[in-house]
Amino acid sequence: PVIHGFCKAGRVEYALHLMDSMQLNGIAPTTVTYTTLIQGLCARGELDRALYLLNQMKSMEPNCAPNAVTYTKLIHGLCQNGLYELGVEILHEMIQRGFRPNESTYSVLINGFYQWGDFTRAVVLVNEMGHVGYQTDLATYNCLINGLCKVGEMGLAMDTIGLMWERGVTPDSSSYTGLIQGLCKKGLVDKAVGLMEEMREKGIEPNSVTYTSLVNGLKQIGKNDVALELVHEMESKGLKPV
RNA sequence: CCAAGUAA
């Protein structure tokens with residue numbers, strides 16, 4: 001808890017030191033302690049040290065056995081630093097050790113793949129996920145949609161949101177915002193406008209990011225007047241441009 | 001029970 005605070009404040013070194021003194025006083029670090037430190041190290045790009053900590057945890061079982069959260073944080077860190085191949089390895093290790101990766105784990109990886117442009121790997125992963133009969137939740141879908149939009153696969157992205165409705169997962173404003181951005185990038189601003197109408201019909205309120213994205217799209221194709229209208233509408237709802 | 005994932 002305290003350590004978590006230090007990590008968030010960017011004082012990872014201090015937190016590590018603190019853990020040492022805890023051990024000297026006979027206080028055993030817990031899984032959460034380690035996990036938090038791993039997160040802190042990842043954020044600083046010190047992945048080797050994070051991996052080292054993971055090994056240390058494994059040798060200290062069962063008191064601080066790594067769990068799903070530990071792995072997810074680590075994989076997240078690896079992905080952020082472009083080491084998603086290693087992330088996949090860790091994922092497999094995790095499965096071998098009998099951990100079920102959960103929705104967060106997959107979200108993190110999907111995100112990592114797209115972030116570094118590895119579209120094919122992402123698709124493989126998603127299939128793998130579906131194959132295991134995995135339950136994809138809202139955030140996972142959103143990661144997927146965003147990824148697809150980034151690659152310009154708008155057809156697939158639209159299919160995905162359709163799938164969400166079918167499966168009873170209600171998309172949120174993030175889901176739609178991603179799509180709107182993708183459409184705008186392709187110059188399909190009219191479709192983006194239509195999509196925004198659709199989302200309100202379904203009772204999903206656009207937020208400031210949604211508005212801003214669409215406004216930018218409209219400006220790009222020179223529809224400054226329409227863009228301005230939107231800005232006013234947004235402001236009348238108390239939303240500020242981002 | 002406390003630590004994990006998504007849009008500008």
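Just so it is clear: chains get the letters A, B, ... in the order the sequence lines come, proteins before strands, and each one is counted from 1.
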If we ignore angles and hydrogens, is there a donor and acceptor under 3.5 Å between the side chains of [X] and [Y]?
X	Y	value
Glu93(A)	Tyr71(A)	yes
Thr30(A)	Thr33(A)	yes
Asn111(A)	Asn146(A)	no
Asn216(A)	Ser213(A)	no

Practice prompt. Would you name the heavy atoms of Ala157(A) and Leu179(A) that are closest together and state the gap between them?
Written response: CB-CD2, 3.5 Å
Worksheet, complete the sentence: When every non-hydrogen atom of Pro29(A) is compared with those of Met19(A), the smallest separation belongs to CB-SD, 3.9 Å
Expressed as a whole number of angstroms, how long is the span from [X]:[atom1] to [N]:[atom2]?
X	N	atom1	atom2	result
His76(A)	A4(B)	NE2	P	11 Å
Leu54(A)	A3(B)	CG	P	20 Å
Leu37(A)	A3(B)	CG	C1'	11 Å
Tyr84(A)	G5(B)	OH	C1'	19 Å
Leu74(A)	A4(B)	CG	P	15 Å
Tyr141(A)	A7(B)	OH	C1'	18 Å
Tyr71(A)	G5(B)	OH	P	19 Å
Lys73(A)	A4(B)	NZ	C1'	5 Å

Practice prompt. Using the side-chain contact (heavy atoms from CB on, under 4.5 Å) rule, take Arg121(A) and Glu85(A) through it: C-alpha gap first, then chi angles, then the decisive distance, then the call.
Written response: CA-CA 10 Å; Arg121(A) 295 301 300 279; Glu85(A) 293 294 350; 2.9 Å; yes
Closest to the [X] side chain, choosing from [options]:
X	options	result
Val242(A)	G5(B), A8(B), A3(B)	A8(B)
Asn146(A)	A3(B), A7(B), G5(B)	A7(B)
Val32(A)	A3(B), G5(B), U6(B)	A3(B)

Heavy atom of [range] under 4.0 Å from RNA chain B: which residues?
range	answer
residues 106-128 of chain A	Ser107(A), Val108(A), Asn111(A)
residues 181-196 of chain A	Gln181(A)
residues 205-233 of chain A	Asn207(A), Val209(A)
residues 147-178 of chain A	Ser174(A), Thr177(A)

Practice prompt. Can you sort out the partners of Asp190(A) under side-chain hydrogen bond (donor to acceptor under 3.5 Å, both in side chains), two or more places apart, ordered by chain and number?
Written response: none
Worksheet item: Taking atom NZ of Lys191(A) as the centre, does the number of heavy atoms from other residues, nucleotides or ligands within less than 6.0 Å exceed 12?
Response: no
Item to complete: Please confirm whether any donor atom in the side chain of Asn102(A) sits under 3.5 Å from an acceptor in the base of G5(B), or the reverse.
Response: no
Response to the item:
One should read off an interatomic distance between Gln181(A) CD and Lys150(A) NZ, to the nearest 0.5 angstrom, of 9.0 Å
Worksheet item: ring pair (Phe, Tyr, Trp, His ring centres under 6.0 Å) with Phe113(A): which residues, sequence neighbours excluded?
Response: Tyr84(A)
Worksheet entry | Sole residue of Ile38(A), Leu78(A), Leu74(A) in side chain to side chain contact (heavy atoms under 4.5 Å, CB included) with Leu47(A) | Leu78(A)
Practice prompt. Just call it for Thr140(A): base, sugar-phosphate, or nothing, with non-hydrogen atoms closer than 4.0 Å on any strand.
Written response: base
